[in-house]
Protein chains: 2
Amino acid sequence: MISASARIRRFNRAVTQEIGALDNSYLGRGRPLGAARLLCSIGPDGAEVGALRDLLSLDSGLLSRLLRGLEEEGLIVTEPDPADRRRRIAHPTARGKREIAAYDRLSDARADALMSRQSRGADALLAAMDLVATALTRHRITVSRIDPETPEARYCLNEYYAELARRFETGFDVTTSLDPEALNLRPPLGSFLVALSDGLPLGCVALKGNGSETGEIKRLWIAPAARGLGLARRLMKRAETEARALGIRTLRLDTNRTLTEAIALYHRLGWHEIPAFNTEPYAHHWFEKRLSEH
Amino acid sequence: MISASARIRRFNRAVTQEIGALDNSYLGRGRPLGAARLLCSIGPDGAEVGALRDLLSLDSGLLSRLLRGLEEEGLIVTEPDPADRRRRIAHPTARGKREIAAYDRLSDARADALMSRQSRGADALLAAMDLVATALTRHRITVSRIDPETPEARYCLNEYYAELARRFETGFDVTTSLDPEALNLRPPLGSFLVALSDGLPLGCVALKGNGSETGEIKRLWIAPAARGLGLARRLMKRAETEARALGIRTLRLDTNRTLTEAIALYHRLGWHEIPAFNTEPYAHHWFEKRLSEH
DNA sequence: AAATTTATCTGACTAAAGTCAGCTATCATG
DNA sequence: CATGATAGCTGACTTTAGTCAGATAAATTT
């Protein structure tokens with residue numbers, strides 16, 4: 001009776017109701033659900049018609065008609081893709097953008113209502129939602145290079161620092177640590193990689209370079225919701241690829257003794273321990289890996 | 001960009017797809033979704049038409065037509081409620097039961113597929129799903145008296161023992177503890193209360209009586225997914241009501257020093273500490289509360 | 001016993017969603 | 001430049017879902 005599938009069904013029932021209520025709140029603007037969803041999927045920046053068809057898995061005829069409907073309402077305009085004039089791109093008009101913003105507000109209001117019902121434990125609920133969403137969409141986690149000063153990168157770093165502060169016996173204060181400059185984490189010197197799942201950052205790793213043949217791995221972090229998915233391995237492998245492309249032949253890193261899963265990972269990925277190569281106050285172990293040619 | 005509402009929306013997107021896929025899997029049996037859902041809601045034991053209307057929030061006309069459809073397929077029969085012949089009750093036929101079982105298997109298969117995709121962390125995913133489902137349906141948590149030997153009660157007790165084993169400095173072995181007999185936890189001597197949310201037990205408390213005017217509170221447990229909802233208070237208040245109804249005037253309990261939130265709760269609910277009244281090996285604190293007349 | 005309420009059903013509708021064959025414009029390829 | 005593939009559109013459908021005003025029969029109230 002309290003089997004895994006019974007629990008999953010209970011989850012489905014609970015969430016179906018919530019989603020249904022959300023859908024109904026989308027209905028308050030005199031537009032059927034399909035059209036509202038389409039408009040929101042087009043978004044403020046516009047979208048390709050083909051991408052929309054895949055995203056919403058709509059029949060091409062149905063999508064066409066919905067687009068015509070939105071166009072007649074004056075909410076969007078469509079134009080051929082200049083690169084391939086068979087394709088078309090849908091853009092919201094000013095009115096369309098206002099309408100999208102109105103739907104966003106409805107959705108935010110529901111989210112706020114949901115969170116305010118949580119006397120406490122709002123953080124726990126959000127964390128649980130992240131974990132479920134990540135588990136359901138794990139096949140769509142992408143790893144990409146971003147600038148270390150974007151909001152996504154800052155979010156990762158803040159979460160990383162917060163976790164170090166919780167785990168290190170001595171706490172963690174980033175100002176006393178050897179914090180790399182953004183310059184060394186961008187091409188052509190280095191790189192900053194982030195794992196994203198539908199917009200939410202789930203992990204990061206920084207490759208710090210200085211133009212020489214030796215680089216450094218820093219800031220490897222995986223969101224609690226995404227642990228156990230092999231994401232750390234994926235980020236480290238990708239960092240090695242980036243390093244090779246930048247002409248780096250040897251990678252180093254330092255780490256704290258409390259980060260046992262990271263240390264185990266470094267061993268598994270072929271790193272070996274070396275004497276201290278810096279004076280990082282929070283470091284207890286130093287590792288090195290020579291990169292093979294390809 | 002990584003606001004609470006953005007995270008909730010991401011959750012909604014991820015889950016909408018999963019629910020959509022589940023719905024589509026319901027479509028593989030040549031029956032529209034509405035009819036399939038209705039059949040599954042009727043369930044193997046049958047259901048009242050009015051209850052179905054409320055549950056699925058269907059228009060009375062639409063429900064009627066769907067029921068006729070299932071009847072023509074030979075999957076259900078409807079008959080008037082003997083107690084009030086205006087009402088009708090729908091029962092599945094043998095074929096209907098087989099069809100319901102087939103839908104259950106589809107749903108279980110999806111659940112299995114989901115869990116097997118989790119390399120590890122299946123438990124964490126289930127726990128997160130429980131937490132989300134509980135948060136979304138918290139207004140529908142019921143507290144009721146059940147027999148201490150039902151599967152629901154056993155589930156609660158096993159979870160309770162497992163948690164004690166994790167938390168007590170000395171571990172916990174139920175065979176060395178003063179385990180009450182089921183006899184003392186059932187009317188007319190005592191009572192066993194469980195908090196249920198859509199079938200999942202979220203908490204319990206036992207009232208152990210021996211026929212005298214002094215009873216004992218035992219086995220207060222709240223599922224991790226349900227903490228912070230005020231459920232412990234609700235269970236304790238209900239246990240007091242049960243005690244009064246059984247003629248108990250004074251309640252006692254013992255507890256371990258590591259269960260700090262429970263100890264704080266006992267103080268808030270008007271219990272006061274007394275000298276040891278038993279030889280429970282895991283107890284550090286003993287409490288008493290005199291029950292007022294009503 | 002008559003009037004009212006309640007639970008369900010029926011018929012006649014509308015709206016929304018989805019399907020499919022065939023059309024047109026554009027691009028890619030030999 | 002002819003051929004075939006691709007992306008999207010249009011028209012003509014069907015299915016599913018949902019609405020609503022009575023009708024009917026049983027229960028309840030007056």
Side-chain angles (χ1 to χ4, degrees), chain A residues 16-17 19-21 23-42 46-73 76-91, chain B residues 16-17 19-42 46-73 75-91:
Chain A
T16 301
Q17 287 200 321
I19 304 273
D23 281 356
N24 287 339
S25 82
Y26 268 50
L27 243 44
R29 307 192 62 72
R31 199 170 290 112
L33 201 63
R37 259 207 277 263
L38 174 58
L39 181 60
C40 290
S41 301
I42 290 170
E48 290 175 21
V49 170
L52 290 169
R53 205 175 33 233
D54 289 348
L55 182 68
L56 302 170
S57 29
L58 288 175
D59 171 82
S60 127
L62 179 53
L63 175 60
S64 227
R65 240 177 299 274
L66 288 172
L67 286 171
R68 289 303 81 69
L70 292 177
E71 220 161 19
E72 277 166 33
E73 270 196 90
I76 62 165
V77 289
T78 59
E79 50 174 26
D81 182 342
D84 178 347
R85 298 179 55 80
R86 286 171 305 184
R87 297 171 202 259
R88 312 207 99 221
I89 300 181
H91 281 287
Chain B
T16 301
Q17 286 200 321
I19 303 276
L22 184 73
D23 282 355
N24 286 340
S25 82
Y26 270 50
L27 245 43
R29 312 203 106 254
R31 197 169 292 115
L33 201 63
R37 260 206 277 261
L38 175 58
L39 181 61
C40 291
S41 301
I42 291 171
E48 291 175 21
V49 170
L52 291 169
R53 204 172 37 230
D54 289 348
L55 181 68
L56 302 170
S57 29
L58 286 176
D59 172 82
S60 122
L62 179 53
L63 175 60
S64 224
R65 238 176 301 274
L66 288 172
L67 285 171
R68 287 305 82 69
L70 292 177
E71 220 161 18
E72 275 166 34
E73 271 196 90
L75 298 174
I76 62 165
V77 289
T78 59
E79 51 174 25
D81 181 342
D84 177 347
R85 299 179 54 79
R86 287 172 305 181
R87 297 170 202 261
R88 311 207 100 221
I89 299 180
H91 281 287

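So you know, we letter chains A, B, ... as the sequences are listed, proteins then strands, and number each from 1. Remember, predicted model here, so these are calculated numbers, not experimental data.
For the pair B:R87 and A:D59, both in contact range of DNA chain C, the more 5′-proximal nearest nucleotide belongs to B:R87.
For A:R68, a side-chain nitrogen or oxygen approaches OP1 or OP2 of D:dT10 to under 4.0 Å. Remark: A:R53 is in phosphate contact with D:dG8, judged by side-chain N or O atoms under 4.0 Å from OP1 or OP2.
Regarding A:L66, its CG atom lies at a distance of 14 Å from the C1' atom of D:dT10, rounded to whole Å. Distance B:L56 CG to D:dG18 P: 10 Å, rounded to the nearest Å. To the nearest angstrom, C1' of D:dT15 lies 13 Å from CG of A:L62. A straight line from CG of A:D23 to P of C:dA17 spans 10 Å, rounded to a whole angstrom.
Checked against C:dT8, C:dG18, D:dG8, the side chain of B:S64 finds its nearest nucleotide in C:dT8. In the set C:dG18, D:dC9, C:dT8, C:dT8 carries the atom at the smallest distance from any side-chain atom of B:S60.
Shown for residues 30-39 of chain B: no residue has heavy atoms falling under 4.0 angstrom of DNA chain C.
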(request) Any chance you could list the contact pattern along nucleotides 24-30 of chain C? Use B for base contacts, S for sugar-phosphate-only contacts and - for none, protein heavy atoms under 4.0 Å, 5' to 3'. (result) --BS---

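With hydrogens and angles ignored, a donor-acceptor pair under 3.5 angstrom links the side chain of A:R65 to the base of C:dT19.
Under a 3.5 Å cut-off, the side chain of A:E71 and the backbone N or O of A:T78 do form a donor-acceptor pair.
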